[in-house]
Protein chains: 2
Amino acid sequence: MGQDDSGIHLDTSLGYLLKEASSVLRVAMEEVLGPLGMSITHYSCLELLAQRPGLSNSDLARGAFVTRQSMNVLLKALERDGYVTRPAAAPVGKALPTELTASGRRSLEEASAAVRSVERRMLAGLTEADQAEALRLLRNMVQSLREPVETV
Amino acid sequence: MGQDDSGIHLDTSLGYLLKEASSVLRVAMEEVLGPLGMSITHYSCLELLAQRPGLSNSDLARGAFVTRQSMNVLLKALERDGYVTRPAAAPVGKALPTELTASGRRSLEEASAAVRSVERRMLAGLTEADQAEALRLLRNMVQSLREPVETV
DNA sequence: AAATGTATGTCAGAATACTGACATGGGTCA
DNA sequence: TGACCCATGTCAGTATTCTGACATACATTT
């Protein structure tokens, strides 16, 4: 099944290829994070907190590209298991600034190394110039999609 | 919250940017497919069948980047609603070749137009050469990640 | 001061995709 | 031929994420 190659423009669609690339990356990351008992969102949350301590639940949701409701579920589990801490009351507004615990930092270390190895593997066939170009192109696409739709 | 910009290498990580791009694309597609009562996987399935009639459930799963179990759930719903047909018995092996019905083709048409408009919007800021380069770079990344890990 | 708008945290329920498991069909190889 | 391996379809249960809704906190506007 599927051995015939009739004319398919899916093979030249950047949208489809983008989905394929993110799917392959997701699988590769789950492959290395799974043995560490960590999901991708779980890892993303810890990495964000390591680089920007004090982010709120909503901040983390935006950074990990999930809804704040989803992040809230994860964050409560991480808090229960002692990887992050949040104050009981908000110092200002309603936002609760979150921070990594020592345990969270330790847990992140090996995950971060594993993820870096995946990214290195993904970029093995690209030159420095290629990578810079990829950054430019992807940023351009993101920006274009984020711009409000023209309702001339 | 989040107004301080301490040193973040997430901003230069291609893995993170790839996830961001696919997330933005996903949201944009859901935005145009939702009003048509269609999910992304739903649309992907119909598009695949339009371009490669006779694909099996497992083929479709691979093409839409989900598990065959997930695709099976969707396919049964599509069959129940009259968008696709599958033979009661497999002509060879266990694979059941699936085909679009007239209703399925009709339903696909407007969805396909909507998705093309999203892709056009995404690529609005890129030249032809840019797009060709993006294809090359993303294909390279996909291939690198698919290669078995070196266990020297 | 009051009204409005925006952002946040959180609860509840629904949708979607996943992992695990099993039986079946077909090919490969000893 | 028989043993083995791989792919497929499918059932069941689990996990993750989403949408909808509500109350609260702050900024902006009137």
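Note that the coordinates shown come from a computational prediction; the quantities given were computed from them, not determined experimentally. Residue numbers start from 1 in every chain, and the chains themselves are labelled A, B, ... in the order their sequence lines are given, proteins ahead of strands. Atoms considered below: every heavy atom in the structure, side chains included; atoms not considered: hydrogens, waters and symmetry mates.
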Of dT10(D), dA23(C), dA17(C), the nucleotide closest to the side chain of S70(B) is dA17(C)

L96(A) atom CG is separated from dT10(C) atom C1', nearest whole Å, by 11 Å

Just compare dG9(D), dC18(C), dT16(C) and give me whichever is closest to any side-chain atom of S39(B). dT16(C)

Are any of R68(A)'s side-chain N or O atoms less than 4.0 Å away from OP1 or OP2 of dG20(D)? no

At under 4.0 Å, does any side-chain N or O of N72(A) touch on OP1 or OP2 of dT10(C)? yes

dC11(D) P sits how many Å from M71(B) CE, rounded? 17 Å

Just how far, in rounded Å, is P of dA21(C) from CD of Q69(B)? 12 Å

How many Å lie between CG on L75(B) and C1' on dT10(D), as a whole number? 12 Å

What's the closest nucleotide to the side chain of K94(A) if the choices are dT8(C), dA17(C), dT8(D)? dT8(C)

Between dC11(C) (P) and N57(A) (CG): distance, integer Å: 11 Å

Please state whether the phosphate of dT16(C), meaning OP1 or OP2, lies under 4.0 angstrom from any side-chain nitrogen or oxygen of T41(B). no

Phosphate OP1/OP2 of dC18(C): any T67(B) side-chain N/O under 4.0 Å: yes

Starting at the 5' end of DNA chain C and moving along, which residue's nearest nucleotide shows up first, V66(B) or P91(B)? V66(B)

For dT16(D), take OP1 and OP2 only and decide whether either is under 4.0 Å from a side-chain N or O of R26(A). no

Under the salt bridge (charged side-chain N to carboxylate O under 4.0 Å, His left out) test, residues paired with E133(B) that sit two or more places apart: R136(B)

Interatomic distance, I40(A) CD1 vs dA15(D) P [rounded to whole Å]: 18 Å

Both G93(A) and F65(A) contact DNA chain D. Taking the nearest nucleotide for each, which residue is further toward the 5' end? F65(A)

R86(A) atom CZ is separated from dG9(C) atom P, nearest whole Å, by 7 Å

Taking atom OH of Y43(B) as the centre, does the number of heavy atoms from other residues, nucleotides or ligands within less than 6.0 Å exceed 12? yes

Side chain of S56(B) - closest among dT10(C), dG9(D), dC18(C): dG9(D)

Report yes or no: does N140(B) contribute a side-chain atom to a donor-acceptor pair with the main-chain N or O of L137(B) at less than 3.5 Å? no

Length of the line joining L33(A):CG and dC18(C):C1', which is rounded to integer Å: 16 Å

Salt bridge check, R146(B) against E20(A): does any charged N sit closer than 4.0 Å to a carboxylate O? yes

Less than 4.0 angstrom from a charged side-chain N to a carboxylate O is my criterion; do R26(A) and E30(A) meet it? yes

